[in-house]
Amino acid sequence: SFLNKLVSVANAAGSVYRMDWNTATASNGSHALTAVVRDAAGNTTTSAPVTVTVNNDTTPPIVKVSTSSGTQNYIPGARALSATVTDNVAVASVIFTISKPDGTVLTTIPASYTRLTFYVAMWDPMKLNGLGTYTVSASATDAAGNKSTSSKVTLTIIDNTGPATSIITPLPFSSIAGKTTVPISTNSVDNVRTTKVEIYIDNVLKNTCNAATATTTLACSYNWSMTGVTNGTHTIRAKAYDANTPTVNTASTTYSVTR
């Protein structure tokens, strides 16, 4: 029999004896190992003890989300989440959890980059729940399987960037003679969604283009009839709107009409 602190844990037959001892289940500290040999007549001999020290890693990592709570303006594309993680032996993995404020988990993202104690994962709010408020935490596991989870931080993603708009045609300060119609074309781009573009001539609304679907880019055009248009300089203006900001961005150009 093989004994661990005088408790029989296994039996073996033959001239060579062996057992596997799972030290992960043993308490940390010194343990005396002895072997007791018993023959068919019941005679026993106990070996001299061998002392071993078990030092299992039971300390979980220390993890903290280093991305600050607060409000962030949305910029198209992925953005970084970061955490600092330390462990007494070695960190095996770091996973970020992104949730709604009510605790509903939207996704988990393994850290894709690490340098020393710094861990980073990339995410895009528009691929999850769009603009709004999220909570973020990070979980770290060490080589021994110990795990800990950070406190949550709250991120609110907003859109305070108005759409950029431009007049493609006609070119600024162009002049015409003898044309009956002048084509006007505009293009507007937003970081989230362009909803509407208006075309004005001399501050009079001539055409409105509404986005039928969610789109960041919206083109708008108008055929300007020269009938009744007086000679001189006229101003063409485009106004672009998005769904989230009160800011309306405009572009204007002047056009000289001569007969």
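When a residue number appears, it is its place in the shown sequence, counting from 1. Here the structure is a predicted model, which means the values were calculated and not measured. Values below: all heavy atoms of this structure, side chains included; hydrogens, waters and symmetry mates excluded.
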Original post:
Taking side chain as C-beta onward, heavy atoms only, is S137 less than 4.5 Å from K152?
Top reply: yes

Original post:
With side chains defined as the heavy atoms from C-beta onward, is the minimum distance between R79 and Q72 less than 4.5 Å?
Top reply: yes

Subject >> Distance in Å, I236 CD1 paired with I201 CD1, rounded so as to fall on 0.5 Å steps >> reply: 5.5 Å

**OP:** Ignoring hydrogens and angles, tell me if any N or O in the side chain of S47 forms a donor-acceptor pair with the backbone of A35 under 3.5 Å.
**Re:** yes

**OP:** Would you please say whether a donor-acceptor pair under 3.5 Å links the side chains of T181 and S225?
**Re:** no

**OP:** Compute whether any side-chain donor of one residue and acceptor of the other, for T169 and S185, lie under 3.5 angstrom apart.
**Re:** yes

**OP:** Step by step, work out the side-chain hydrogen bond (donor to acceptor under 3.5 Å, both in side chains) result for T108 and T97.
**Re:** CA-CA 4 Å; T108 55; T97 299; 5.8 Å; no

Original post:
Quick one: side-chain hydrogen bond (donor to acceptor under 3.5 Å, both in side chains) partners of S99, sequence neighbours excluded?
Top reply: none

Subject >> Test item: S166 side-chain N/O and I168 main-chain N/O as donor-acceptor pair under 3.5 Å >> reply: no

Original post:
If you round to the nearest 0.5 Å, how far is CG of D242 from OG1 of T216?
Top reply: 11.5 Å

Original post:
Got a sec, which residues hit salt bridge (charged side-chain N to carboxylate O under 4.0 Å, His left out) with D20, two or more places apart in sequence or on another chain?
Top reply: R18

Original post:
How far apart are the C-alpha atoms of T161 and N73, what are their side-chain angles, what is the distance that settles it, and do they pass the side-chain hydrogen bond (donor to acceptor under 3.5 Å, both in side chains) test?
Top reply: CA-CA 8 Å; T161 303; N73 184 44; 2.9 Å; yes

Subject >> T149 to S139 - nearest heavy-atom pair and separation >> reply: OG1-OG, 3.0 Å

**OP:** Would you name the heavy atoms of L81 and I98 that are closest together and state the gap between them?
**Re:** CD1-CD1, 3.8 Å

Original post:
Do N187 and T217 touch side chain to side chain, with heavy atoms closer than 4.5 Å?
Top reply: yes

Original post:
What's the verdict on side chain to side chain contact (heavy atoms under 4.5 Å, CB included) for V63 and T84, showing C-alpha distance, side-chain angles and the deciding distance?
Top reply: CA-CA 6 Å; V63 54; T84 55; over 6 Å; no

Subject >> By side chain to side chain contact (heavy atoms under 4.5 Å, CB included) - contacts of L131 (at least two apart) >> reply: Y74, M126, I157, D159, N244

Subject >> Donor-acceptor side-chain pairing of R38 and N43 below 3.5 angstrom >> reply: no

Original post:
Can you name the nearest heavy-atom pair linking T186 to A238, along with the distance?
Top reply: CG2-CB, 3.8 Å

**OP:** Supply the atom-to-atom distance I62 CD1 to D142 CG, rounded to the nearest 0.5 angstrom.
**Re:** 11.5 Å

Original post:
Quick check: does any side chain N or O of T34 sit under 3.5 Å from a backbone N or O of P49, one acting as donor and the other as acceptor?
Top reply: no

Subject >> ring-ring contact (aromatic ring centres under 6.0 Å, His included) contacts touching residues 124-182 (sequence neighbours left out) >> reply: W123-Y134

**OP:** Decide whether V197 and I184 are clustered together by the hydrophobic rule: side chain heavy atoms of Ile, Leu, Val, Met, Phe, Trp, Tyr closer than 4.5 Å, transitively.
**Re:** no

Subject >> K179 versus M226, closest heavy-atom pair with distance >> reply: O-CG, 3.2 Å

Subject >> Short side-chain to backbone donor-acceptor contact, N28 and N56, under 3.5 Å >> reply: yes

Original post:
For Y222, what residues pass the ring pair (Phe, Tyr, Trp, His ring centres under 6.0 Å) criterion, not counting sequence neighbours?
Top reply: none

Subject >> Cluster check I95, L106: I/L/V/M/F/W/Y, side chain < 4.5 angstrom >> reply: no

**OP:** Let me see the working for T51 and H31 under side chain to side chain contact (heavy atoms under 4.5 Å, CB included), right down to the final yes or no.
**Re:** CA-CA 6 Å; T51 301; H31 295 260; over 6 Å; no

Original post:
Residues two or more places apart in sequence or in another chain: which of them pass side-chain hydrogen bond (donor to acceptor under 3.5 Å, both in side chains) with D202?
Top reply: H234

**OP:** Working to the nearest 0.5 Å, report the span between CZ of R193 and OG1 of T213.
**Re:** 7.5 Å

**OP:** Please identify each residue that fulfils side chain to side chain contact (heavy atoms under 4.5 Å, CB included) with S82, with sequence neighbours left out.
**Re:** S66, T67, F118, V120

Subject >> Residues that T59 engages under side chain to side chain contact (heavy atoms under 4.5 Å, CB included), provided they are two or more places apart >> reply: D57, N88

Original post:
Are Y119 and M122 connected in a single hydrophobic cluster, I mean Ile/Leu/Val/Met/Phe/Trp/Tyr linked by side-chain heavy atoms less than 4.5 Å apart?
Top reply: no

Original post:
To the nearest 0.5 Å, what is the distance between OH (Y241) and OG1 (T195)?
Top reply: 9.0 Å

**OP:** List for me each residue that meets side-chain hydrogen bond (donor to acceptor under 3.5 Å, both in side chains) alongside N22, sequence neighbours excluded, and say none if there are none.
**Re:** none

Original post:
Taking all non-hydrogen atoms of both residues, which atom of A121 and which atom of P110 are closest, and how far apart?
Top reply: CB-O, 3.8 Å

**OP:** May I have the step-by-step check of side chain to side chain contact (heavy atoms under 4.5 Å, CB included) for V136 and V153, ending in yes or no?
**Re:** CA-CA 5 Å; V136 178; V153 300; 3.9 Å; yes

Original post:
Taking only residues two or more places apart in sequence or in another chain, which ones pass side-chain hydrogen bond (donor to acceptor under 3.5 Å, both in side chains) with N55?
Top reply: none

Subject >> Pairwise side-chain contact, V94 with T114, heavy-atom cut-off 4.5 Å (strictly under) >> reply: no

**OP:** Return each pair, listed once, that meets salt bridge (Lys or Arg N to Asp or Glu O under 4.0 Å) where at least one residue sits in residues 109-137; pairs must be two or more places apart or across chains.
**Re:** none

Subject >> With T156 via side chain to side chain contact (heavy atoms under 4.5 Å, CB included) - residues at least two apart >> reply: T71, T133, I158

Original post:
What distance do K196 atom NZ and C220 atom SG have between them, rounded to the nearest 0.5 Å?
Top reply: 11.0 Å

Subject >> Step-by-step side chain to side chain contact (heavy atoms under 4.5 Å, CB included) determination, W224 to V229 >> reply: CA-CA 10 Å; W224 182 20; V229 176; 3.8 Å; yes

Original post:
Going by atom types only, do D102 and T104 share a side-chain donor-acceptor pair under 3.5 Å?
Top reply: yes

Subject >> Nearest non-hydrogen partners of C209 and L218, listed with the distance >> reply: O-CD2, 3.5 Å

Original post:
Mind checking whether Y200 and K239 have side chains closer than 4.5 Å, heavy atoms only?
Top reply: yes

